[in-house]
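Structure first, commentary second.
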Amino acid sequence: MTSPLSNVPIYRQLADLLAKRIEEGKLRPGQPLPSELHLQQTYGVARGTVRMAMRELRERGLVVTVHAKGTFVAEQS
């Protein structure tokens, strides 16, 4: 879970949690990530926090976002 008391920003904590799920194979290549609303409700964070976490994951090369379709786990090379 995320902790507001941590020195690590909440969006990065969320990105790290999702990255771990990808690395463990719980989220597989090509699989869509949960919706923004689902992530907001599950982790008790704001929409902006979820969007920043998605941007972080895109920068790490772990996910790709397709306009009007969603965000998906990227194929790892």
_By side chain to side chain donor-acceptor pair (under 3.5 Å) - contacts of T71 (at least two apart)_ = T65

*For S3 and Q13, which heavy atoms make the closest approach, and how far apart are they?*
N-OE1, 2.6 Å

*For P32, which residues count as a side-chain contact (heavy atoms from CB on, under 4.5 Å) partner, sequence neighbours excluded?*
F72

*Might you point out which heavy atoms bring A19 and R60 nearest each other, and give the distance in Å?*
CB-NH1, 3.6 Å

*Might you point out which heavy atoms bring P29 and A74 nearest each other, and give the distance in Å?*
CB-O, 3.9 Å

*Who passes salt bridge (Lys or Arg N to Asp or Glu O under 4.0 Å) against R51, sequence neighbours left out?*
E36

*Hey, what else clusters with V63 if you join Ile, Leu, Val, Met, Phe, Trp, Tyr whenever side-chain heavy atoms sit under 4.5 Å?*
M1, I10, L14, L17, L18, I22, L27, L33, L39, Y43, V45, V50, M54, L57, L62, V73

*Tell me, please, which residues at least two apart from K20 pass side-chain contact (heavy atoms from CB on, under 4.5 Å).*
E24

*Linking Ile, Leu, Val, Met, Phe, Trp and Tyr through side-chain heavy atoms less than 4.5 Å apart, which residues share a cluster with M52?*
Y11

*List for me each residue that meets side-chain contact (heavy atoms from CB on, under 4.5 Å) alongside A46, sequence neighbours excluded, and say none if there are none.*
T49

_By the salt bridge (Lys or Arg N to Asp or Glu O under 4.0 Å) test, which pairs, at least two apart or in different chains, include something from residues 67-77?_
none

*At their closest point, which heavy atom of E56 faces which heavy atom of A15, and how far apart are they?*
CG-CB, 3.7 Å

_Listed partners of R28 passing salt bridge (Lys or Arg N to Asp or Glu O under 4.0 Å), at least two apart_ = none

*Kindly write out the residues that satisfy salt bridge (Lys or Arg N to Asp or Glu O under 4.0 Å) with R55, not counting sequence neighbours, or none if the list is empty.*
none

